[in-house]
Amino acid sequence: MKTAAKTDDFCDAPQTLRYDWHKHEIEALFELPFNDLLYRAQQVHRQRFDPNAIQISTLLSIKTGGCPEDCGYCPQSVHHQTSVEPESLMDLDAVVDAARAARRAGATRFCMGAAWRNPRGRNFERVLEMVEHVRKEGLETCMTLGMLDEDQTRRLKESGLDYYNHNLDTSPEFYGEIITTRTYQDRLDTLRRVRDAGINVCCGGIVGMGESRADRVSLMQQLASQEPHPESVPVNMLVRVEGTPLAQGGQIDPFEFVRTIAVSRILMPKSHVRLSAGREQMSDELQALCFHAGANSIFYGEKLLTTPNPGADHDRQLFDRLGLHPG
Ligand code: SAM
Ligand code: DTB
Ligand code: SF4
């Protein structure tokens, strides 16, 4: 364990953005005493954000299940026997209704997810229409549809897409243990095309899949070496779903999860760090620590894609108890 961080590490001027973090530097952050790490994350957070404002996104699974990819964590893969029933792409009207409900509940961004390796044919034309219509409802739009080619990123941009979510999920070293049907480089290539098309990038990972601290360090290095940094960084706690290969693993120390949030905040000072999947399994106290560590975005609403999320009432109460506000 390292001793207390030197106070001269902190200053009032916003920290300059870096894309060249070395693994040993990131490891040293992880190893700081918990209070020092959180203090440092708070300092960085307060330089650029209202510390009590939390951005609110709502998720909708527009195409559920039947995915040909073999991601070990995912209940929607055809490779795993889970209780998720495959469905076809939702109708435009139903998507717009859900977007309106999300806006009324206070969401500012509407994220639409599809269980595809990549979008194709008529279905792709239909998601473009969804982007246009959801945008007209006054919401920011986000989609996560799997891998994209250059023509698709261009057309999504033209339809008005604000954000594209595509996670690196874990370190390059651990990736092959979790997914075999596509490579890390495939993910990086799609992220580059999204960025080049002028769409904001939402890119993060999952903690608690049996990866080591070194893997979390390596994931953070990958995320923070993207230039510019992803505008949005979802940090998911693995939701263990019966029937998936990762259903029975050991639990990760919750403080290690908080540390991962704090390190994301320090490495990517301007990004929104989203306390993403896994909140349903977390205590209010653990969520409060994550906000203290610099998380400033959540998914709001009773469902993530296929698994439960805390209800809106519960989240409203939590915001009240912590003096947080949407923003
Ligand atoms: N098929 C697209 C893809 O993989 O990019 C989009 C949907 S996919 C469900 C979006 C992300 O959800 C994954 O990259 C992963 O990070 C996250 N995710 C899926 N299942 C999860 C689980 N059980 N726990 C935590 N995060 C999960
Ligand atoms: C992200 O990083 N997490 C969200 C969103 N991006 C698409 C998805 C979480 C899914 C959790 C498992 C499920 O509900 O199926
Ligand atoms: Fe398919 Fe995405 Fe699930 Fe992987 S994470 S199985 S690509 S829906």
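Hydrogens, waters and symmetry mates play no part in the numbers below; they use all other heavy atoms, side chains included. In listed order, ligands and their atoms are each counted from 1.
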Worksheet item: Between Glu211 (side chain) and Met209 (backbone), is there a donor-acceptor pair under 3.5 Å?
Response: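 At least one qualifying donor-acceptor pair exists.
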
Practice prompt. Taking the six-membered ring of Tyr163 (Phe, Tyr or Trp), confirm whether the NZ or CZ of Arg109 is under 6.0 Å from its centre and within 45° of its axis.
Written response: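 Positive - Arg109 is close enough to the ring of Tyr163 and near enough to its axis.
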
Practice prompt. Cation-pi check, Arg274 to Phe299: give yes when NZ or CZ is under 6.0 Å from the six-membered ring centre and within 45° of the ring axis, no otherwise.
Written response: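 Because its charged atom sits under 6.0 Å from the ring centre and within 45° of the axis, Arg274 does stack over Phe299.
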
How far is [atom] from the closest protein heavy atom, and which atom is that?
| atom | answer |
| --- | --- |
| atom 6 (C) of ligand 1 | Thr144 OG1, 3.0 Å |
| atom 16 (O) of ligand 1 | Asp169 OD1, 2.6 Å |
| atom 4 (O) of ligand 1 | Arg187 NH2, 3.6 Å |
| atom 27 (C) of ligand 1 | Ile206 CD1, 3.8 Å |
| atom 11 (C) of ligand 1 | Asn167 ND2, 3.8 Å |

Practice prompt. Considering only protein heavy atoms, determine whether one is less than 4.0 Å from atom 20 (N) of ligand 1.
Written response: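 Within 4.0 Å: yes, protein heavy atom nearby.
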
Worksheet item: Heavy atoms of the protein only: does one fall short of 4.0 Å from atom 2 (Fe) of ligand 3?
Response: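 Neighbour list for atom 2 (Fe) of ligand 3 is empty of protein heavy atoms (cut-off 4.0 Å).
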
Worksheet item: Based purely on interatomic distance, does Tyr73 place a nitrogen or oxygen under 3.5 Å from a nitrogen or oxygen of ligand 1?
Response: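 Tyr73 vs ligand 1: N/O contact under 3.5 Å present.
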
Where is the tightest heavy-atom contact between [X] and [Y], given as atom of each residue plus distance?
| X | Y | result |
| --- | --- | --- |
| Ser61 | Gln76 | OG-OE1, 4.2 Å |
| Gln42 | Phe291 | NE2-O, 4.2 Å |
| Pro75 | Thr306 | CG-OG1, 3.4 Å |
| Arg265 | Val44 | O-CG1, 3.6 Å |
| Asp50 | His45 | O-NE2, 4.4 Å |

Worksheet item: Does Ala114 reach ligand 1, in the sense of a heavy atom lying below 4.0 Å from it?
Response: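 Yes, that is the case, since the closest heavy atom of the residue is under 4.0 Å from the ligand.
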
Fill in: Sub-4.0 Å heavy-atom contact, Gly146 with ligand 1
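For ligand 1, residue contact (heavy atoms, under 4.0 Å) with Gly146 is present.
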
Worksheet item: Got a salt bridge between Lys23 and Glu173, using NZ or NE/NH1/NH2 to carboxylate O under 4.0 Å?
Response: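 Yes, Lys23 and Glu173 are salt-bridged.
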
Kindly indicate whether the side chain of [X], heavy atoms from C-beta on, has any atom under 4.5 Å from the side chain of [Y].
| X | Y | result |
| --- | --- | --- |
| Asn118 | Leu148 | no |
| Tyr73 | Asp169 | yes |
| Arg216 | Glu27 | no |

Worksheet item: From Tyr300 OH over to Thr58 OG1, what is the distance, rounded to the nearest 0.5 angstrom?
Response: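 One finds 8.0 Å between OH of Tyr300 and OG1 of Thr58.
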
Item to complete: Give, for atom NE2 of His272 and atom CD1 of Ile298, the distance between the pair rounded to the nearest 0.5 Å.
Response: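 CD1 of Ile298 is found 12.0 Å from NE2 of His272.
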
Item to complete: Ignoring hydrogens and angles, state whether a donor on the side chain of Thr108 or Gln55 is under 3.5 Å from an acceptor on the partner side chain.
Response: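 Per modelled atom types, Thr108 and Gln55 side chains form a pair under 3.5 Å.
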
Worksheet item: Does the side chain of Arg182 pick up a donor-acceptor pair with the side chain of Tyr175 at under 3.5 Å?
Response: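 There is such a pair (donor and acceptor under 3.5 Å, judged by atom type) between the side chains of Arg182 and Tyr175.
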
Between ligand 2 and the protein, tabulate every N or O atom pair separated by less than 3.5 Å, reporting distance only.
residue, atom, partner, partner atom, Å
ligand 2, 2 (O), Asn167, ND2, 2.8
ligand 2, 2 (O), Asn236, ND2, 2.9
ligand 2, 3 (N), Asn236, OD1, 3.0
ligand 2, 3 (N), Ser276, OG, 3.4
ligand 2, 6 (N), Asn165, OD1, 3.3
ligand 2, 14 (O), Leu305, N, 3.0
ligand 2, 14 (O), Thr306, N, 2.8
ligand 2, 14 (O), Thr307, N, 2.9
ligand 2, 14 (O), Thr307, OG1, 2.8
ligand 2, 15 (O), Thr306, N, 3.2
ligand 2, 15 (O), Thr306, OG1, 2.7

Worksheet item: Where on Leu305 is there a heavy atom closer than 4.0 Å to ligand 1, on the side chain, on the backbone, on both, or on neither?
Response: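 For Leu305, only side-chain atoms sit under 4.0 Å from ligand 1.
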
Item to complete: Just let me know how Val239 lines up against ligand 1, side chain, backbone, both or neither, with a heavy-atom cut-off below 4.0 Å.
Response: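 It is both parts that get close, each with some atom under 4.0 Å.
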
Discussion item. Can you tell me if Arg182 contacts ligand 3 (heavy atom of the residue under 4.0 Å from the ligand)?
Written reply: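 Contact present.
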
Item to complete: May I ask you to list the protein N, O or S atoms found at less than 2.8 Å from atom 3 (Fe) of ligand 3?
Response: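 Only Cys74 SG fall inside 2.8 Å of atom 3 (Fe) of ligand 3.
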
Discussion item. Test of understanding: given a 4.0 Å heavy-atom threshold, classify the contact between Met147 and ligand 3 as side chain, backbone, both, or neither.
Written reply: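 Neither; no heavy atom under 4.0 Å.
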
